[in-house]
Number of protein chains: 2
Amino acid sequence: MAEARRRRARGGAARTREVLLQAAAEVFAERGYDGASVDEIAGAAGVSVGSIYSRFGSKRNLFRQLMTQYMERDLIRVRDGFAAGPEGGLRALDDLVQETATSRRQTLLDAETWASAMRTPALRSLLAEHENGVQSAAAALVRRGRAETGHEFGVPDDELAVLLTSLFHGLCRQHRLDPGSVPPGLYTRTVTALSRGLAEQAAGADRPGH
Amino acid sequence: MAEARRRRARGGAARTREVLLQAAAEVFAERGYDGASVDEIAGAAGVSVGSIYSRFGSKRNLFRQLMTQYMERDLIRVRDGFAAGPEGGLRALDDLVQETATSRRQTLLDAETWASAMRTPALRSLLAEHENGVQSAAAALVRRGRAETGHEFGVPDDELAVLLTSLFHGLCRQHRLDPGSVPPGLYTRTVTALSRGLAEQAAGADRPGH
DNA sequence: GTCTATAGCATGATAGAC
DNA sequence: GTCTATCATGCTATAGAC
């Protein structure tokens with residue numbers, strides 16, 4: 001293939017991996033894991049099928065590497081967003097709902113990742129571990145928020161963190177299904193109301209009979 | 001196939017459809033849409049491949065029929081749960097989180113349905129319409145709750161309904177990834193706190209400066 | 001390491017007997 | 001309507017030249 005040679009000539013040999021991963025993201029997203037053929041992925045990357053097997057060994061492993069790459073980027077992004085502190089962290093998540101739910105590729109890849117993970121124990125562990133990392137970061141953010149404002153929520157930090165990420169994913173899903181039903185800021189507003197309600201309940205529990 | 005004839009002999013010809021749908025649910029769940037072969041589905045149902053094509057016309061249509069069947073059942077179940085009124089309705093959703101997220105088949109079918117829907121516009125509309133039906137029922141429940149308790153939440157009924165279902169799906173996801181992190185009753189407790197917080201905010205907005 | 005070519009197999013769908 | 005048998009195609013993965 002002339003195009004293959006042209007593209008390979010431009011980048012170094014080490015770059016083939018990145019080109020392949022990007023092409024894999026495109027094709028896996030659009031066709032699904034089983035629907036994607038290594039031929040098409042290689043074609044989209046401008047390399048040959050042989051390259052895939054020499055670098056990744058198998059189609060399954062290529063997908064796995066892709067998953068890991070995306071999860072790493074995701075975790076970094078969340079942590080960076082959280083660095084601004086509790087309020088900034090919430091706003092960052094709000095933006096993430098809008099952005100990731102608007103991106104077609106991200107939507108399709110997330111769906112494919114989830115379906116594969118539910119079917120394959122090894123991938124499931126990988127994803128669970130990732131979610132756990134995000135929730136640890138969220139829990140740290142909650143702790144910091146308590147320290148700064150003095151508010152107590154009456155539930156363990158971990159449980160609140162689980163609620164924060166669950167609501168996040170739930171709103172992503174909703175946005176993807178019907179974008180108009182999730183206005184910007186909804187995530188933040190909801191979390192604010194939830195925190196307030198939890199704090200109220202906690203205060204009420206301290207005064208039995210009330 | 002001896003077994004095929006045996007099973008067909010037991011049920012009427014009209015039953016073939018149901019048997020096929022059940023087998024399809026099993027195989028589509030375990031292998032994914034593309035990974036499932038019509039041969040295996042026919043085998044699991046105890047009929048021949050020809051039956052599938054005479055009754056459903058194509059593999060894609062078989063999956064579509066399966067989707068519709070499950071969505072109808074789901075909607076009926078939700079509406080039945082809501083019939084008990086606001087408190088009972090919440091408890092029903094809480095039970096649904098535990099049950100559907102524990103069922104392997106439901107988990108895998110939901111994942112496959114979602115992935116297919118995101119990729120295929122026709123299926124996406126189908127799923128969006130279903131979700132809309134559930135949310136209408138939820139909005140009616142919210143209206144009823146307001147009427148009975150007199151509480152105002154400061155947000156439109158539809159928006160609150162969207163939050164209820166989004167949180168539901170988010171917690172289902174979380175439960176499926178890490179069952180231990182979603183104790184029974186978490187959904188109800190969270191919604192209670194959220195309602196309380198929203199009502200507080202609404203009351204606060206009526207008294208600017210507070 | 002990357003190419004081309006191909007092996008070896010599974011797939012969705014159809015034809016025609018009954 | 002359901003069966004069996006088959007077609008045409010597409011697939012993952014490998015072999016061997018360079």
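Numbered from 1 within each chain, the chains take letters A, B, ... in sequence-line order.
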Is it true that the side chains of His130(B) and Glu72(B) contain a donor and an acceptor less than 3.5 Å apart? no

Nearest whole angstrom, please: distance from the C1' of dA10(C) to the CG of Asp34(A). 13 Å

Picking from dT2(C), dT12(D), dG1(D), the nucleotide nearest the side-chain atoms of Ser54(B) would be dG1(D)

Give a yes or no on whether a salt bridge exists between Glu131(B) and Arg173(A), defined as a side-chain N under 4.0 angstrom from a carboxylate O. yes

Starting at the 5' end of DNA chain D, which residue's closest nucleotide do you reach first, Gly35(A) or Gly50(A)? Gly35(A)

What is the distance, to the nearest angstrom, from the CG atom on Leu20(A) to the C1' atom on dT2(C)? 11 Å

Residue-phosphate contact under 4.0 Å: Ser58(B) side-chain N/O, dG12(C) OP1/OP2: no

With DNA chain C as reference, determine whether Ala14(A) or Arg60(B) sits nearer its 5' end, using the nearest nucleotide of each. Ala14(A)

Between Gln174(B) and Ser181(B), do the side chains contain a donor N or O and an acceptor N or O under 3.5 Å apart? yes

Considering only heavy side-chain atoms of Ser37(A), the closest of dG1(C), dC11(D), dT4(D) is dC11(D)

Flag the pair Leu66(B) / Thr113(B) as yes when at least one side-chain heavy-atom distance between them is below 4.5 Å, and no otherwise. no

Let me spell it out: for each of Glu40(A) and Val49(A), pick the nucleotide of DNA chain D with the closest heavy atom. Which residue's pick is nearer the 5' end? Glu40(A)

To the nearest Å, give me how far apart CG (Asn61(A)) and C1' (dA13(D)) are. 14 Å

Within this structure, what is the CG-to-C1' distance between Asp39(B) and dA5(D), rounded to whole angstrom? 12 Å

Whole-Å distance, Arg15(B) CZ to dG1(D) P, equals 17 Å

Between OH of Tyr53(B) and P of dA15(C) the distance, given in whole Å, is 13 Å

In whole angstroms, the gap separating C1' of dT12(D) from CZ of Arg55(A) amounts to 20 Å

So does Thr16(A) get a side-chain nitrogen or oxygen closer than 4.0 Å to the phosphate oxygens (OP1/OP2) of dG1(C)? no

Ile52(B) CD1 - dG12(C) C1' separation (whole Å): 10 Å

Closest nucleotide among dC3(C), dT2(D), dT12(D) to the Lys59(A) side chain: dT12(D)

Using a 4.0 Å heavy-atom cut-off, does Ala36(A) contact any base of the nucleic acid, only the sugar-phosphate backbone, or nothing at all? sugar-phosphate

Tell me whether the NZ or CZ atom of Arg73(A) lies within the 45° cone about the ring axis of Tyr70(A) and under 6.0 Å from its centre. yes

